[in-house]
Protein chains: 2
Amino acid sequence: MSAPAQPGSPPAGLRKGATRHDHIVEDIRSFIVDGRWPPGFQLPVETDLAERYGVSRMTMNKALGQLAREGFLVRRKKSGTQVAQPRAESAVVAIADIRDEVRRSGRAHRFHLLARRARPGREEDALLLGDAPGSREVLWLQGLHLADDHPFCFETRLINPDAAEGAKEQDFADLAPGAWLLGAVPWSVASHRVRAVNATAAEAKLLELEVGEACLEIVRRTQAAGDWVTGVRLLYPGSEHQLVANFGPDAGGGPSRG
Amino acid sequence: MSAPAQPGSPPAGLRKGATRHDHIVEDIRSFIVDGRWPPGFQLPVETDLAERYGVSRMTMNKALGQLAREGFLVRRKKSGTQVAQPRAESAVVAIADIRDEVRRSGRAHRFHLLARRARPGREEDALLLGDAPGSREVLWLQGLHLADDHPFCFETRLINPDAAEGAKEQDFADLAPGAWLLGAVPWSVASHRVRAVNATAAEAKLLELEVGEACLEIVRRTQAAGDWVTGVRLLYPGSEHQLVANFGPDAGGGPSRG
DNA sequence: GGCGACGATATGTCTAATCATAATCCCGAT
DNA sequence: ATCGGGATTATGATTAGACATATCGTCGCC
């Protein structure tokens with residue numbers, strides 16, 4: 001192995017818009033991801049690196065701290081800083097917004113409302129909401145997302161009219177309820193569940209599939225201020241749709257870990 | 001609406017192990033997620049907040065900067081700091097390590113090797129690897145992950161013997177290749193793809209399903225130092241398996257966004 | 001009334017310094 | 001030889017201060 005290439009050389013080659021610690025983060029990350037610094041590699045001490053890069057210890061600390069939060073480095077007092085071992089074979093997959101998803105593939109997005117009812121909550125609503133909504137009135141919707149007028153996603157949704165002000169007055173004829181809710185609901189903390197299911201006869205007809213064809217089912221429950229706002233089930237043709245992730249060692253210490 | 005509850009009150013109630021900026025981050029985040037500070041809400045200026053919390057501006061800056069990176073706040077010079085609008089209906093789903101997954105459900109994990117061959121690369125290998133491996137020799141494996149001796153996941157894998165030193169000598173009879181690779185490969189940057197597929201007759205038999213039943217397919221390609229290390233296809237019974245995520249507005253500015 | 005320049009303002013970044021904390025090393029006593 | 005305790009060391013946290021930068025308002029000129 002011998003000594004890996006040295007960092008800290010380029011004080012001149014500063015890209016515009018990049019701060020010093022950004023530059024250092026990218027530099028060190030490149031050392032790690034391309035293998036020049038293997039897992040377990042012991043980095044020089046903070047003060048040393050700071051001197052090599054020509055920055056103060058605070059700036060170096062910020063850069064190393066960020067890399068540690070991202071999971072590339074492990075830092076322990078006295079022991080110093082080491083390149084992290086690859087963690088479990090875990091990863092993180094992004095679920096995109098439907099409109100963005102369709103548009104990114106270069107097609108036109110359209111929403112077609114199939115059904116809309118205001119009715120009291122039922123037991124079966126717990127499938128979308130986790131908890132039963134009680135006997136309060138809920139808004140129930142079904143619709144189809146189209147990409148270039150081709151079926152893309154079948155949506156079944158419950159909305160809490162108490163939490164989503166103005167929902168009762170919306171007819172959702174063309175506007176997808178998800179898009180409308182984004183602008184109307186004060187905040188959302190959501191939980192998602194992804195499964196594979198076989199298309200029922202009705203679903204197959206709507207999505208223009210064979211009965212029993214595998215579909216990707218995403219159930220999302222959205223809350224705000226303790227109360228549920230909406231629960232939605234999205235059904236994508238499995239052959240067409242896919243979730244993609246590109247990731248290094250860690251997801252980067254996101255917000256809701258507690 | 002009126003004035004939301006004030007922050008900065010508790011200088012006394014410091015939990016153990018929590019730093020000051022951690023405390024501030026949690027405090028402000030709670031204001032946002034439970035709706036006391038709605039989207040678009042204008043926060044007091046940094047110096048003001050710092051004074052209220054009894055910390056320096058640097059510490060306050062660290063806390064606000066972290067919340068901004070997490071996506072809860074939007075900061076612009078002169079305009080000040082605002083609570084972010086809920087972004088697209090996007091989310092992030094975690095893919096866990098298979099052993100962890102099984103063990104977390106309280107069952108015993110076991111791997112059963114079905115086939116193992118060293119052979120030249122083929123065109124069809126591109127399905128797992130993205131690119132064709134050329135005519136170099138590859139290691140091809142198939143096996144079944146069991147939870148309490150019940151089929152849990154069907155695995156098909158290609159390994160690059162040049163990148164994974166010692167792979168040729170491993171027989172993988174009991175040790176799952178994923179677990180072995182974690183300890184043998186210097187680093188891995190992986191890309192994942194999740195789809196829904198119908199079980200073929202062979203797959204259904206192995207997983208003890210009906211033919212055509214919906215399954216969750218995860219394809220992972222792992223690289224190290226520019227070369228591919230392994231490509232794997234994991235097939236889970238769709239009814240049994242699910243991916244779950246709990247998230248706020250953003251995934252938190254992870255490592256590989258470029 | 002419209003347009004441009006300039007100043008005020010809030011955040012962004014960086015520095016040097018200090019204290020805290022945890023882990024390790026090392027040396028001496030038993 | 002081993003165990004314990006202090007010294008050492010590297011990171012962690014915090015602060016006050018300084019300068020940079022983007023942007024919003026406003027004032028004055030045309």
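In what follows, chains are A, B, ... by sequence order, proteins preceding strands, each numbered from 1.
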Here the distance between atom P of D:dT9 and atom CG of A:D48, to the nearest Å, is 15 Å
I need the NZ-C1' distance between B:K78 and C:dT11, as an integer number of Å. 11 Å
What is the distance, rounded to the nearest whole Å, between atom CD of B:Q66 and atom P of D:dA13? 10 Å
Taking for each residue the nucleotide of DNA chain C with the nearest heavy atom, is it B:L43 or A:S56 whose nucleotide lies nearer the 5' end? B:L43
If I take atom NZ in residue B:K62 and atom P in nucleotide C:dC14, what distance separates them, rounded to the nearest angstrom? 14 Å
Interatomic distance where CE belongs to B:M60 and C1' belongs to D:dG17 [whole Å]: 19 Å
What distance do A:E26 atom CD and A:L67 atom CG have between them, rounded to the nearest 0.5 Å? 10.0 Å
Name of the residue among A:R99, A:R110, A:E155 meeting side-chain hydrogen bond (donor to acceptor under 3.5 Å, both in side chains) with A:H145: A:E155
Within the structure, does a side-chain N or O atom of B:T19 lie under 4.0 Å from either OP1 or OP2 of D:dG12? no
Output, in order, the C-alpha distance, side-chain angles, deciding distance and verdict of side-chain contact (heavy atoms from CB on, under 4.5 Å) for B:R221 and B:W228. CA-CA 8 Å; B:R221 297 164 183 155; B:W228 72 276; over 6 Å; no
For a side-chain contact (heavy atoms from CB on, under 4.5 Å) with A:S105, tell me which candidate from A:E101, A:R103, A:R107 qualifies. A:R107
Contact under 4.0 Å: B:R75 side-chain N or O vs D:dA22 OP1/OP2: no
Could you state the atom-to-atom distance from CG of A:N61 to P of C:dA20 in whole Å? 18 Å
OP1 or OP2 of C:dT13 sitting under 4.0 Å from any side-chain N/O of A:H21? no
Here's a test for you: under side-chain contact (heavy atoms from CB on, under 4.5 Å), which of A:D48, A:L64, A:I32 qualifies with A:L43? A:L64
Counting only side-chain nitrogens and oxygens, does A:T59 get under 4.0 Å of the OP1 or OP2 atom of C:dT15? yes
Rounded to whole Å, the CG-C1' distance (A:D22 to C:dC14) equals 13 Å
When only distance counts, do a donor and an acceptor, one from the side chain of B:R57 and one from the base of D:dG17, lie under 3.5 Å apart? no
Contact nearer the 5' end of DNA chain C, comparing A:M58 with A:K77: A:M58
Does B:T81 place a side-chain N or O at less than 4.0 Å from the phosphate oxygens OP1/OP2 of C:dT11? yes
Which whole-number value in Å describes the distance from B:R76 CZ to C:dG12 P? 11 Å
